[in-house]
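Step one of this worksheet: look at the structure below.
To find a chain, count down the sequence lines: A is the first, B the second, and so on, and within it residues start at 1.
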2 protein chains.
Amino acid sequence: MKLSKKSIYALRVLPYLAESYDKKSLSVAYLAQQEQISIKYLEQILSLLRKAGFLVSERGKNGGYSLRVPPDEITLGNIIRAIDGPLAPIPCASRTAPHHDPNCPYPYDTCWLRHLMLRVRDNISNVLDRETLSVMTVDALKAERKE
Amino acid sequence: MKLSKKSIYALRVLPYLAESYDKKSLSVAYLAQQEQISIKYLEQILSLLRKAGFLVSERGKNGGYSLRVPPDEITLGNIIRAIDGPLAPIPCASRTAPHHDPNCPYPYDTCWLRHLMLRVRDNISNVLDRETLSVMTVDALKAERKE
DNA sequence: ATATATCCTATAGCTATAATAGGATATAAA
DNA sequence: TTTATATCCTATTATAGCTATAGGATATAT
């Protein structure tokens, strides 16, 4: 039940791209500087989100990243899934990418632990899959930071 | 957002102790054999749960573990907390053991990510803190297992 | 041509989990 | 009192995943 730093960095940085949607693309260097993240590390994260279909990139001078679709079409749940994998606490309780360990001695359909964790998963999903990148504006982000 | 094997083993084994509450105590060896878990590993887990106040133990011949309180007073959430720590996806979104990183550049009270993760935490809690050890009976457990 | 950006891959360092191991201590029963 | 059986305690190993750094290849606007 832990969110990786990768996901946190992504969630910190994506609102900038949301605000800039249909305007100019933003460079990794700029975003990294805004949020005090290692450029090279953030580079990996945004590259991953591009491969996952959330972002598009332009190379070369004046290049950078931008959202591939409008902010309200990107849920926070799907961003976290792309980075950390399923929201479910155990693999067999995932709905988007279920995986049942073949060595598991319990029957898939009636396993009480799996059913419990499905309920947990659904409750997590009810928050993260309803919230999209339009949650935050960069103005609010800037106002939020100390100083 | 992942449940450790330790917690899974605990959740698999505790219903046996719940069924046996006010009856005889059960040995690690017996429980380990029932659920096909390493004895030495399960030993560590049950010792931990004893220190956390959920179990009592008797040493020597005919010894073993038993619940310290009735099954319905032990929530699944508290078992997981004792083993894996807070349910919250990030430390500052915990309610039982909140910890705000002093180096975090965002203000505690108004941080949008923290507030989001508090909602996630509450939704997880709404499942795991309402469910107790009386969820499962051992009869059902036995019927559940293959063969 | 040059500066600037993404792209790609390798690798090091660190941390947490999972599991194994050996022996100390306590207790019931022979 | 001896023996068998149980918990107790600590150390250590193995593994895996996360975090971050690094170097250079490739593309593009100026």
Fill in the blank from the handout: Whole-Å distance, B:I45 CD1 to D:dC8 P, equals 14 Å

Handout entry: B:I83 reachable from B:I37 in the ILVMFWY side-chain graph, under 4.5 Å edges
Key = yes

Problem - B:Y30 side chain near D:dT5 phosphate (N/O to OP1/OP2, under 4.0 Å) - result: no

Practice task
Examine C:dA19: is either OP1 or OP2 under 4.0 Å from a nitrogen or oxygen in the side chain of B:K5? Give yes or no.
Solution key: yes

Exercise for the section: Send over the distance from A:I39 CD1 to C:dC7 P, rounded to a whole Å. Expected result: 15 Å

Exercise for the section: Please determine, by modelled atom types, if B:N123 and B:R119 share a side-chain donor-acceptor pair under 3.5 angstrom. Expected result: no

Handout entry: side-chain N/O B:Y9 vs C:dA19 OP1/OP2, d < 4.0 Å
Key = yes

Problem - Separation of atom CZ in B:R50 from atom P in D:dA6, rounded to whole Å - result: 17 Å

Fill in the blank from the handout: From CD of B:Q44 across to P of C:dG23 the rounded distance in Å is 17 Å

Problem - Any B:Y41 side-chain nitrogen or oxygen under 4.0 Å from OP1 or OP2 of D:dA14 - result: no

Exercise for the section: Name the nucleic acid region contacted by A:K51, choosing base, sugar-phosphate or nothing; use a 4.0 angstrom heavy-atom cut-off, strictly under. Expected result: sugar-phosphate

Exercise for the section: Determine the contact category for A:E43: base if any of its heavy atoms lies under 4.0 Å from a base atom, sugar-phosphate if only primed atoms, P, OP1 or OP2 are that close, otherwise nothing. Expected result: base

Problem - 4.5 Å side-chain heavy-atom contact, B:L133 and B:D72 - result: no

Practice task
Ignoring backbone atoms, test whether B:S47 places a side-chain nitrogen or oxygen under 4.0 Å from the OP1 or OP2 oxygen of D:dT7.
Solution key: no

Handout entry: 5' priority, DNA chain D, between B:G64 and A:K61 [closest heavy atom]
Key = B:G64

Exercise for the section: Calculate the interatomic distance between B:L46 atom CG and D:dT7 atom P; express it in whole Å. Expected result: 8 Å

Handout entry: N/O (side chain, B:S57) to phosphate O (OP1/OP2, D:dC8) under 4.0 Å
Key = yes

Completion exercise
Separation of D:dA4 atom P from B:R59 atom CZ, nearest Å, is 19 Å

Handout entry: Below 4.0 Å: OP1/OP2 of D:dA6 and any side-chain N or O of B:N62
Key = no

Practice task
Indicate whether OP1 or OP2 belonging to D:dT5 is found under 4.0 Å from a side-chain N or O atom of B:S27.
Solution key: no

Practice task
Using whole Å, report how far CG of A:D84 lies from P of D:dA16.
Solution key: 19 Å

Practice task
May I ask you to decide whether B:K2 forms a salt bridge with A:D84, counting only side-chain N to carboxylate O separations under 4.0 Å?
Solution key: no

Exercise for the section: Measure the distance from CD1 on B:I83 to C1' on C:dT17 and round it to the nearest whole Å. Expected result: 13 Å

Practice task
Ignoring hydrogens and angles, state whether a donor on the side chain of A:D122 or A:S125 is under 3.5 Å from an acceptor on the partner side chain.
Solution key: no

Problem - Options D:dT28, D:dC8, C:dT6, nucleotide nearest the side-chain atoms of B:K40 - result: D:dC8

